[in-house]
Amino acid sequence: MQAWQVHEIGEPGEVMRLAEVERPVPGDGQVLLKVRAANINFPDALMCRGQYQVRPPMPFTPGVEICGETEDGRRVMANPALPYGGFAEYAVADAAALLPAPEALDDAEAAALHIGYQTGWFGLHRRARLEAGETLLVHAAAGGVGSAAVQLGKAAGATVIGVVGGADKAAVARELGCDVVVDRRAEDVVAAVKEATGGRGADVIYDPVGGDAYTQSTKVVSFEGRIVVVGFASGTIPSPGLNHALVKNYSILGLHWGLYNTKDPKLVLRCHEQLTELAARGAIRPLVSERVPLDGAADAVQRVADGVTTGRVAVLPSLTTTLTDTDTDTDTDTDTDENGAVA
């Protein structure tokens, strides 16, 4: 089979190599899956750079999120068991962690429903306790993680403010349903958010970026507001001033979604059931901006790492040419980023 492998640490576009390899052999409690679609996540780039908390042995195949097919034909969502990741024709996953792929979503969309939307659901509902009528601010709102949070926020009845970088991404954020869009390249984020909220600030702030975005968050969080820290796509991990949190009376909430798989796996299943229901009634739908063939994976991972993509980029081993969302519109109406690229 064909699989991308990383033999040394570096930029994805330089160290990912497509090779002909043997199919992986599942271990105890594992299954072999045919990869129908693999979603690109920011951790894939971090693993190539040697900067992720998980460091699989080399050579390894990146790809932490897939829609796959079991030997008996079931379509499932899975997080592959590294080093046999999803940027390949076949991957290995733990049998107990497989989730049924929602019928309402195609393969690329189903692959993109897992990490980003589970992170959004746990961040907004489990950690921040977002309520209908509250104001949610989402950084990198046009990215993979951010776009999921925007949709989940709207589904929960919140007013959503999206912060993006550039006019094109602002247009994407509006299409996703943001009530207010702030272009950080053209506007003062703090002033714009304060104006949009009448000076009150945002009740919940969803931050997959860190760096300057976190600093802005502390200036616009409301009384008894909650800042949910889900990642550091900017590359800068902020050092919060706890005296500031005390004086302004807000909460800083960390979220490591992966821990729930071992600490409370039943809650992961409950989350998936709710996400499936939301997808079935059209309240959420992953924004898959690009669908690329297997031989385009390294370039696509690099572009996600560079923060120049919107929504999610999916790798489909069955494709022979690179497709965009506009190329794949059909009468079936099935086409439309633990941390997406900066948007």
Side-chain angles (χ1 to χ4, degrees), residues 3-19 38-66 79-88 91 111-112 114-116 118-120 122-123 139-140 142-146 148-149 165 206-215 217 227-240 252-262 296-315 337-343:
W4 285 92
Q5 292 191 326
V6 175
H7 291 260
E8 59 185 336
I9 295 302
E11 288 299 303
E14 299 174 358
V15 301
M16 288 178 60
R17 304 171 190 171
L18 188 59
N39 179 47
I40 298 175
N41 285 266
F42 200 62
D44 295 316
L46 293 179
M47 276 192 285
C48 291
R49 295 168 172 170
Q51 297 174 345
Y52 195 55
Q53 57 260 40
V54 176
R55 298 190 179 187
M58 294 185 188
F60 67 87
T61 298
V64 297
E65 182 177 42
I66 69 170
N79 299 129
L82 300 174
Y84 304 114
F87 302 146
H114 202 173
I115 297 176
Q118 287 253 350
T119 298
F122 276 93
H139 289 287
V145 172
Y206 192 79
D207 181 12
V209 180
D212 291 340
Y214 178 83
T215 302
S217 298
I227 301 175
V228 185
V229 179
V230 296
F232 312 104
S234 68
T236 301
I237 300 175
S239 298
I252 305 166
L253 306 171
L255 174 64
H256 180 185
W257 167 74
L259 285 178
Y260 288 96
N261 286 301
T262 54
D299 175 70
V301 175
Q302 187 64 59
R303 288 187 288 110
V304 169
D306 293 340
V308 298
T309 60
T310 57
R312 290 298 192 186
V313 179
V315 177
D337 132 324
E338 183 146 61
N339 302 84
V342 181

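Index from 1, following the sequence. None of these values were measured; they are calculated from a predicted model.
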Salt-bridge test for R49 and E14: reply yes if a basic N is under 4.0 Å from a carboxylate O, no otherwise.
-> no
Is any side-chain heavy atom of P208 closer than 4.5 Å to a side-chain heavy atom of F232?
-> no
Quick check: does any side chain N or O of E65 sit under 3.5 Å from a backbone N or O of I115, one acting as donor and the other as acceptor?
-> yes
List the atom of I252, the atom of P240, and the distance in Å for their closest heavy-atom pair.
-> CD1-CB, 3.8 Å
Are L253 and I227 side-chain neighbours, meaning at least one heavy-atom pair lies under 4.5 Å?
-> no
Output the distance between atom CD (Q51) and atom CZ (F42), rounded to the nearest 0.5 Å.
-> 8.0 Å
Minimum-distance pair of heavy atoms, taken over all atoms of V315 and A297 | CG2-CB, 4.0 Å
Measuring from M47:CE to L82:CG, what's the distance to the nearest 0.5 Å?
-> 5.0 Å
Looking at side-chain heavy atoms only, is the closest gap between M16 and E11 below 4.5 Å?
-> no
Tell me which donor-acceptor pairs under 3.5 Å the side chains of residues 56-64 have, and how far apart each pair is, sequence neighbours excluded?
residue, atom, partner, partner atom, Å
T61, OG1, W4, O, 2.8

Do H7 and V15 come within less than 4.5 Å of each other through their side chains, counting heavy atoms only?
-> no
Answer yes or no: is there a side-chain heavy-atom contact under 4.5 Å between L255 and T119?
-> yes
Hey, does the side chain of N41 reach the backbone of D44 with a donor-acceptor pair shorter than 3.5 angstrom?
-> no
Shortest non-hydrogen contact from P12 toward A298 | O-CB, 4.2 Å
Taken to the nearest 0.5 Å, the spacing of D207 CG from S234 OG works out to 8.0 Å
Validation row: V209, Y214 side chains within 4.5 angstrom (heavy atoms) | no
Looking at Y206 and G123, what are the two nearest heavy atoms and their distance?
-> CE1-CA, 4.5 Å
Is there side-chain contact between F87 and I40, with heavy atoms separated by less than 4.5 Å?
-> yes
What's the shortest heavy-atom distance between P238 and G210, and which atoms?
-> CD-CA, 4.1 Å
